[in-house]
Amino acid sequence: MIYILLTLASVITYGQVNLSLDADKAEYSGKDIVNLTIILELNGSDLVQQTGFQLPDLSKFNIIGSGSVTNTVIDPATNTLITQKVSRIALEPKKKGKIKIGSVLVTVNNKIYKTEPFDVNIKEIIDRRSLAANNTSNDVFLNMEIEDRDVYQDQPTIAVLRVYSRNIDNLRKVKNIHLPEQDNINVHPINFNKSEIDPSGYGNMPSQVLAMFMVFPNEAGFVEVPAVSASVSSYANKNKIVSNKVKINVRKLPEGAPECFKNAVGNFNVSVYNTTKEKPEAKRPLNVVVKVSGEGNLPDMELPKIVASPDYEVFAPKITAKVSPGTAGMKGEILANYVVIPNKSGAISIKTEQFAFFDPESREYIDLGQKALELNALSHDQIMEARSTVEKVNEYTNNLLETVNTPVLKTTSFKVKEKSKFHWNILFINIGILLGLFIVYLLFKTWQKKRTLVRETVPSKPLGSVAETEKEIRELLKTDINDYFGYLENLKDNGEYEKFFITLEELDQEVRNQYFQGSVAEFKTFLENHKGSSVAEEYNNLQQKVQMEKYAPVKSAEGLEELLKTIVNLYSQISK
């Protein structure tokens, strides 16, 4: 009986810790991902995991993602605490053949446990960049590179688009880059500036950086960034090429987020202020701005709104963004311009919603709370009493000049002019001027006859191609848009907003006529084909901003100033 009890005790003790390492399959092709699963199961509340998983040598793979989850349950039959930790690792093989995956080590209660090594068979290794080319020309292909493939949800990672070709001349023919679009990612371009050509690229193949952009994944798990497409233009045809797809491991944000946290990831600050120059008055609109500044997923996060209150009436805001790429996301500021009308006179507190964000550097949530703007709204009588004597006189004078017609009486004095004497000098001067003009006329006719003879001897110039003729006509139709820019600046400064938008429509029509495009939709297609997708997208965004500013209940000088800068930059670029 003693031997039997000792044997059962050893079996029970052995079963308290279970550690395993498995792959999803034994054989892989060159384009497959090797997924490893590590499972650690602890049966008993007295077992303590003292170290993390010590992985084997994985230098023959590229680690493209990892993740883990821990589950704890109590077995109702034995009343035993069972803790299970599962980790997944995604690997990309570097070479073909049999690759040995070693043991995983872990220390529990001062005892080291390990898994058994095993082999995986990689049939072949195919260059993913050449696979991703998927183009009609085998000499040119794109490659999307993402160095940081392990990020938090809504944390950015930088992608670099590079083109490879054996012929350096083909690198200059790549145009019309289309960045990836997908529901679970937000993409923001950093720049489309081409770098210097690197003659010693992949496999001694020349390469060049075409674009850089930021990818903000908005859901956790393994997220696949879609391919980037472009076109290779030549005299004969136009070929489309696409890049490879990249998988990134998106970690879920830590638990313990405040209730007011939504999706802000980065480092931000919130402020609220009043931009109306006049004193606050009851029943009169105010411009209240909620500004969120910082660096992170600034363009995609949900902004804090102004809380509704019976003390005031608030309308939907107009959003103005001033952002640029930074080192840890998009940096700058976003302004939400609200129109607020106080419902009463006296002290009014305009409050925003509570706002919190997650800081990836410190890995903690930061709650900024509410921001408030304290105002003292005056009644109309109080506003009138607070005016100075000079202001009252100026207002009375302005009202008088605007409402009362005051004709201006012009008085002239009548004088008897004395009879002047005849001056012979004036007569001779006039005769000399007439003779001079006659001589100049004769010289002009002689020069014109000589020019006609020379023109007849010179051979006629060829008519040229249709494209050249179209270019000459477009140059003749080209309007100096700088005159429009100066006129729009004057209209903005004088507050003539209606004429401002009428003139802007005339400017847009003139520019479209230069390229023989009648409608806005045709012009967008023309810009995308000849100027690039980025210019077409800027033109589309400008049309939306113009409509929002045109029909806004209250026009702000700051908004029109920003709109005018965008107009000058975009139309100057289009009209080159």
Side-chain angles (χ1 to χ4, degrees), residues 188-193 211 213-214 271 273-277 287-295 298-300 303 317-326 329-339 478-515 520 523-524 526-528 530-576:
H188 296 280
I190 298 177
N191 63 66
F192 289 93
N193 301 328
F213 53 94
M214 285 188 181
S271 61
Y273 55 90
N274 178 23
T275 60
T276 305
K277 298 180 180 179
N287 286 334
V288 178
V289 176
V290 177
K291 182 174 76 172
V292 180
S293 58
E295 186 172 1
L298 198 59
D300 306 314
L303 303 176
K318 183 186 70 173
I319 307 299
T320 303
K322 300 177 182 178
V323 295
S324 60
M330 302 298 290
K331 66 178 181 179
E333 59 185 23
I334 295 184
L335 307 177
N337 195 334
Y338 288 85
V339 176
K478 191 171 184 179
T479 307
D480 189 3
I481 61 174
N482 293 322
D483 297 339
Y484 279 99
F485 296 157
Y487 187 47
L488 289 173
E489 180 74 21
N490 294 333
L491 293 176
K492 176 185 70 67
D493 295 338
N494 296 332
E496 300 180 14
Y497 301 131
E498 185 176 355
K499 288 186 179 180
F500 179 89
F501 290 103
I502 294 176
T503 307
L504 179 57
E505 292 178 359
E506 295 177 358
L507 169 61
D508 184 68
Q509 183 67 39
E510 288 289 344
V511 174
R512 282 190 276 120
N513 290 338
Q514 292 177 15
Y515 296 97
V520 175
F523 193 47
K524 290 178 184 176
F526 172 81
L527 290 178
E528 187 171 358
H530 296 81
K531 299 289 184 178
S533 60
S534 59
V535 177
E537 186 175 356
E538 290 180 11
Y539 179 77
N540 187 34
N541 295 335
L542 176 62
Q543 296 298 322
Q544 296 177 359
K545 289 182 180 179
V546 169
Q547 295 300 319
M548 292 176 59
E549 190 68 37
K550 182 177 181 180
Y551 297 105
V554 177
K555 304 291 189 304
S556 63
E558 183 179 359
L560 285 178
E561 180 70 25
E562 184 68 24
L563 180 63
L564 184 57
K565 289 181 181 178
T566 307
I567 292 170
V568 173
N569 294 333
L570 180 59
Y571 283 103
S572 299
Q573 184 178 359
I574 293 175
S575 188
K576 284 182 180 179

Just do the side-chain contact (heavy atoms from CB on, under 4.5 Å) check on L504 and Y484 with the steps written out, would you?
CA-CA 8 Å; L504 179 57; Y484 279 99; over 6 Å; no
Which is it for N569 and Q573 under the side-chain hydrogen bond (donor to acceptor under 3.5 Å, both in side chains) test, yes or no, and what are the steps along the way?
CA-CA 6 Å; N569 294 333; Q573 184 178 359; over 6 Å; no
Pair E562 + K565: basic N to acidic O under 4.0 Å
no
Decide yes or no for V292 and E333: does some side-chain heavy atom of the first lie under 4.5 Å from some side-chain heavy atom of the second?
no
Report yes if some heavy atom in the side chain of E561 is under 4.5 Å from a heavy atom in the side chain of K492; otherwise report no.
yes
Heavy-atom donor-acceptor pair, T276 side chain to N287 backbone, under 3.5 Å:
yes
Just to verify, which of V289, L303, V290 counts as forming a side chain to side chain contact (heavy atoms under 4.5 Å, CB included) with L335?
V289
The reported gap from CG in L507 to CZ in R512 (rounded to nearest 0.5 angstrom) is 10.0 Å
Can you check whether Y539 reaches V511 side chain to side chain, under 4.5 Å on heavy atoms?
no
When you compare the side chain of P299 with that of H188, does any pair of heavy atoms fall below 4.5 Å?
yes
Evaluation steps, side-chain contact (heavy atoms from CB on, under 4.5 Å), between I319 and N337
CA-CA 6 Å; I319 307 299; N337 195 334; over 6 Å; no
Beyond-backbone contact of I502 with F500, side-chain heavy atoms, under 4.5 angstrom:
no
Heavy-atom closest contact (P189 atom, F213 atom, distance)
CA-CB, 3.8 Å
Would you say that more than 12 heavy atoms from the other residues, nucleotides or ligands in this model lie under 6.0 Å from the CD of E498, or not?
no
To the nearest 0.5 Å, atom CG of N191 lies from atom OG of S534 at 11.0 Å
One should read off an interatomic distance between L570 CG and Q543 CD, to the nearest 0.5 angstrom, of 9.0 Å
Could you check F485 against L564 for side-chain contact (heavy atoms from CB on, under 4.5 Å), going step by step and ending with a plain yes or no?
CA-CA 8 Å; F485 296 157; L564 184 57; 5.5 Å; no
For E537, does the CD atom sit with more than 12 other heavy atoms under 6.0 Å from it, leaving out its own atoms?
no
Kindly indicate, with the supporting measurements, whether the criterion side-chain contact (heavy atoms from CB on, under 4.5 Å) is fulfilled by E538 and L527.
CA-CA 10 Å; E538 290 180 11; L527 290 178; over 6 Å; no
Gap between atom OG of S533 and atom NZ of K524 - 0.5 Å precision
14.5 Å
F526 side chain near I574 side chain, heavy-atom distance below 4.5 Å:
no
Nearest-0.5 Å distance, OH of residue Y338 to CG of residue N274
15.0 Å
Answer yes or no: are there more than 12 heavy-atom neighbours, outside K499 itself, under 6.0 Å from its atom NZ?
no
Just how far is it from atom CG of L488 to atom CZ of F501, taken to the nearest 0.5 Å?
10.0 Å
Closest non-hydrogen atoms of V323 and M330, given as atom of the first, atom of the second and distance, are CG2-CE, 4.3 Å
Min side-chain heavy-atom separation I334-T320 under 4.5 Å:
no
Does any part of the side chain of Y497, heavy atoms only, come nearer than 4.5 Å to the side chain of L491, both counted from C-beta?
no
Spell out, as yes or no, whether a donor-acceptor pair under 3.5 Å connects the side chain of N513 to the backbone of Q509.
yes
